[in-house]
Amino acid sequence: MLEKTYAPADVEKRWVEAWSKARLFGSAPVKGGRAYTIVIPPPNVTGALHIGHALNNTLQDVLIRWHRLHGREACWVPGTDHGGIATQNVMEKQLKAEKLSRRDLGRDAFLERMQAWTRDCKKTILGQLTRLGCALDFGREAFTMDEARAKSVHHAFAEFYKEGLIYRGARMVNWCVRCGTALSDIEVESEERKTKLWHLRYPAADGGEGLVVATTRPETMLGDTAVAVNPKDARYAALVGKKLKLPLTERLIPVVADEHVDSAFGTGAVKVTPAHDVNDFEIRQRHPEIETLQVIGFDGKLTPEAGKYAGLSRELARDAVLKDLGDALVKTEDHKNAVGTCYRCQSTIEPLVAWQWFVKMAPLAEKARAALDDGRFKIHPASWAKPYRAWLENIKDWCVSRQIWWGHRIPVWYCQACNAGKLGSTSELYNTPELKVAAVSAARPESCPACGGKDLIQDPDVLDTWFSSALWPLSVFGWPEKTPDLDFYYPTDILVTGYEILYLWVARMQFMGLHFMDKVPFSAALMHGIVRDKAGKKMSKSLGNVVDPLLMMDKHGTDALRFALVSQAHPGKDIPFAEDSITGPRNFANKLWNSTRFVLDYALKNEPAPEGGYPLAGLDKAKLEVADRWILARFQEVSETARKDVESLDLAAAANCLYGFLWDDFCDWYIELSKAALADPERGEATKTILVQVLTGTLKLLHPFMPFITEELYQALKPYAGETAEFAFSAGAPVLTGWEDSSAVKNMRFLRLAVDSIRRLRSILEVHPGAKLQAKYSGSGGWAEFLRDESETVMLLGRFESLEKVDSRPPASAAAVAGTTAFYFAMEGLVDFEKARGRLAKELERLAKDQTKCDAILGNKSFVERAPEEEVAKVRVQRDETVARGAALKDTLEALGAGRSNKGV
RNA sequence: GGGCCGUUAGCUCAGCGGUAGAGCGUCCGCCUUACACGCGGUAGGUCGGGGGUUCGAAUCCCUCACGGCCCACCA
């Protein structure tokens, strides 16, 4: 016997254990089987999971369970990501609390601490995923920095190197001063800031007035080595080729003409600082006569080249320079400017020239573009395809070296002898040009292949964390080994992730997969939105609007949380979420619970299940009643709709469709109707069968969305359903064919219309809900006959004591109308007549409006002539019904006028 | 500066060519023998503005406004 209210905690705990014990989610290649594979977007080992992870993983779990239910060899690979800079930052914060830095510890000790942290964090994360109900194949757990994944990374690096797709070069890179490393272009976020545009006068070397440049970064003027103007700009034509005197310094700098300069912006003259600005760097490449002077160092402080400003931070140097410029600062205006910031620590990016490792992207991107264009890869929603293609077509090389410690060490070795002492004892090579590579290998080579030297050092940098993530769909199946897993599961079926990492991750997986396997790593990507708060703001600790998924699970149940998230997760749309989003789904869980209680306790009276249960096959369709045929037809239709929704990746639509069916169709109507049918010895068995089968089937379809409660209820129902699967997970989808039945659907629609109408009238007349009325009905055509057969049903739902047919309206009766059929009941002693008259009058008004509208439409000749016949017929029927209802209401009003109120008498 | 998405009931969102829908909230009844995490009923919308196509438009086209996002080297 089930409790009255569903209590999730105990149920969830039990099934987590049972599933785990049964190794239910394990998967292995099956000959002739059809895989359905997903690799998890591995969460960074930076801490506990947040609600975004809950969404991401719930969606994947729905897909995995759904496809398992529908017969696929589902495999969901779990794992975590070492998380590079992000994770190192977490550790550095911890160290800071102990008043330590990573350099205090040294590289080895630091990495040891990182490993320990990682172990704990992985445990937390996998525990949380388990708690969320994720059907992950835990035997396949992977980590982006474990031994197997390291092999993939080293192999990919070596292959790229061999093919000339990876190279070391000096470029202007995005340098994060706080993190102390270079970043790739897409790891820089741009942030609009209110700042100033400063106008500075640079006098001519010959004593002339020179010109005025406009800048947003006055401190970099110390590194200016030229001024550029547009070649077509007549204002400055005479100055081109001349020298200017750079204020605050003794240096003379040339004026050059360059197409890049926009004459309309600022003063039309641009100061050129090749060491600290991407554009200026490029201008210098077009004008080799320009020198380069680095005045800001990798530590974010001014270099000795900056003279007396050396050692100041960028910010302080700006203040000092502006102060010292004096009259040379001719104007200051407000200006909005986009500033690059580090996506991991939000500090302002400094563009600096450094020696880094780069991956050549154009050839890789070209393959990805082709896969997109010929449909081998599809993005959902499709609106992301365009920006994705644009990105592929304008791609720049990928800076993959990071000057941090936590990551895959770059597998490159340099020979001291061959590099003529350039290496020294330094652990930083980003300032060291033109190094000769001795070997590309994970392990230390015996000796230098070129000179036989034994003094080899490994590149101190590590790879961008996204490099190993990019290989994830390959590496988790053992690539580069040709494993049976790789053969069976690759390419995977779908990748589910947030749109914010489309370029950082999704695109690069496409690159790697297409390059190394010549096959897309996944044929579809489902890009979901971000979970926001109810005001549409991103959740963040500083705003204090974060919702802890674990707390939600504890308070309302995991299934409720999952359903709340999925039922709002339309592809590509953000999800507004607050704790009250869960109450609806929580109530729904309870509804499932109680409908099962009804079937087991009330319908089946907890009798033991007969051998083989109550199979659908045992039904004789010819002997079924309208309601029976209707609910079966609806169920078949709903399973089909849900299947299509999942196929088109609109999981929210599938969830909502099942929700509506269970609550509205099954509970509100079928269960209510079954109460009479169960009492009828001729219909009892069939009704039990339908109750059991439709409920069990719905629970199975809901299982991917709400695995715990459906498992619990499935276990209770399965003997009655005649099922033998050990778990709902592997029970197979309900099989429904041949139950479509348009006449049952039509009849049921009429029945519902009739009951709705009766209920409305009862409510208008304030008939006590418990009062049983003596009712009569009249009507012509087929419905009258239908009602005779269904009088039991109408009596039950309309709460009538009796229902008999009459030819015309009994005097002093109220009438409820469905189509052209009317139900009457006496009003004697029932109502507050005044109030009822008011409401009836209002409804009459509405009907009159409807009728006018119908008449207008039908009076429109071109509509009648040109619209399809069935549309015209629809309006005609509607008009007739409106007229009939109006007449009945008028009668009722009249009767009310004749009657006497018993209120206040 | 380009591009994309959105603007529908008080709130959050479905609907995407045939008389405006759901959930939550409101209000009014009901502890009706599965469920008060419930049942029945009710109010509430010129579907962002303006044009156009069509017999008919929330739904297609154009345009404007307002949000949001992505991309971009205007110093």
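Computed from heavy atoms alone, side chains included, the values below leave out hydrogens, waters and symmetry copies.
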Taking only N and O in the side chain of [X], is any of them less than 4.0 Å away from OP1 or OP2 of [N]?
| X | N | value |
| --- | --- | --- |
| Lys675(A) | U32(B) | no |
| Lys591(A) | C39(B) | yes |
| Lys386(A) | G3(B) | no |
| Arg586(A) | G23(B) | no |
| Asn656(A) | A22(B) | no |
| Arg799(A) | U32(B) | no |
| Lys4(A) | A36(B) | yes |
| His768(A) | U32(B) | no |
| Trp593(A) | G38(B) | no |
| Asn394(A) | C71(B) | no |

Using whole Å, report how far [atom1] of [X] lies from [atom2] of [N].
| X | N | atom1 | atom2 | value |
| --- | --- | --- | --- | --- |
| Met527(A) | C70(B) | CE | P | 12 Å |
| Asp880(A) | U19(B) | CG | P | 17 Å |
| Arg389(A) | G3(B) | CZ | P | 16 Å |
| His570(A) | G15(B) | NE2 | C1' | 10 Å |
| Glu3(A) | A34(B) | CD | P | 17 Å |
| Glu766(A) | U42(B) | CD | P | 13 Å |
| Arg597(A) | A34(B) | CZ | P | 9 Å |
| Ile709(A) | A34(B) | CD1 | C1' | 13 Å |

[X] near the nucleic acid: base, sugar-phosphate alone, or nothing, with a heavy-atom cut-off under 4.0 Å?
| X | result |
| --- | --- |
| His335(A) | sugar-phosphate |
| Val261(A) | base |
| Pro868(A) | base |
| Trp663(A) | sugar-phosphate |
| Asp664(A) | nothing |
| Arg846(A) | sugar-phosphate |
| Asp668(A) | sugar-phosphate |

By nearest atom, which of the nucleotides [options] is closest to the [X] side chain?
| X | options | value |
| --- | --- | --- |
| Lys842(A) | C55(B), A43(B), C39(B) | A43(B) |
| Tyr499(A) | U12(B), C69(B), G41(B) | C69(B) |
| Thr5(A) | C74(B), C37(B), C13(B) | C37(B) |
| Arg866(A) | U54(B), C37(B), U12(B) | U54(B) |

If you pin Ser383(A) and Asn337(A) to their nearest nucleotides in RNA chain B, which one's is more 5'?
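Looking at RNA chain B, the more 5' nearest nucleotide goes with Ser383(A).
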Along RNA chain B (nearest heavy atom to each residue), the more 5'-positioned of Tyr6(A) and Arg760(A):
Tyr6(A)
Could you give the distance separating [M] and [N] at their [atom1] atoms, to the nearest angstrom?
| N | M | atom1 | answer |
| --- | --- | --- | --- |
| C37(B) | U7(B) | C1' | 34 Å |
| G56(B) | C5(B) | P | 28 Å |
| G49(B) | A9(B) | P | 11 Å |
| C31(B) | G40(B) | C1' | 14 Å |
| G45(B) | A14(B) | C1' | 15 Å |
| G6(B) | C74(B) | P | 27 Å |
| U19(B) | C62(B) | C1' | 28 Å |
| G21(B) | G15(B) | P | 15 Å |

Below 30° counts as parallel, above 60° as perpendicular, anything between as tilted: where do the rings of [X] and [Y] land?
| X | Y | answer |
| --- | --- | --- |
| Phe588(A) | Trp663(A) | parallel |
| Tyr388(A) | Tyr503(A) | parallel |
| Tyr499(A) | Trp384(A) | parallel |

Counting Watson-Crick and G-U wobble pairs only, both distances under 3.5 Å, name the nucleotide matched with [N], or none.
| N | result |
| --- | --- |
| U42(B) | none |
| C24(B) | G10(B) |
| G67(B) | C5(B) |
| A57(B) | none |

Nearest 0.5 Å please: distance from the CD1 atom of Ile501(A) over to the CD1 atom of Ile186(A).
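One finds 10.5 Å between CD1 of Ile501(A) and CD1 of Ile186(A).
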Which value, rounded to the nearest 0.5 Å, describes the distance between Ile709(A) atom CD1 and Tyr6(A) atom OH?
5.0 Å
A14(B) base to Gln568(A) side chain: any donor-acceptor pair below 3.5 Å?
no
With the threshold set at 4.0 Å, does a side-chain nitrogen-carboxylate oxygen contact exist between [X] and [Y]?
| X | Y | result |
| --- | --- | --- |
| Asp334(A) | Lys194(A) | no |
| Lys842(A) | Glu845(A) | no |
| Arg752(A) | Asp665(A) | yes |

Min side-chain heavy-atom separation Glu350(A)-Arg314(A) under 4.5 Å
yes
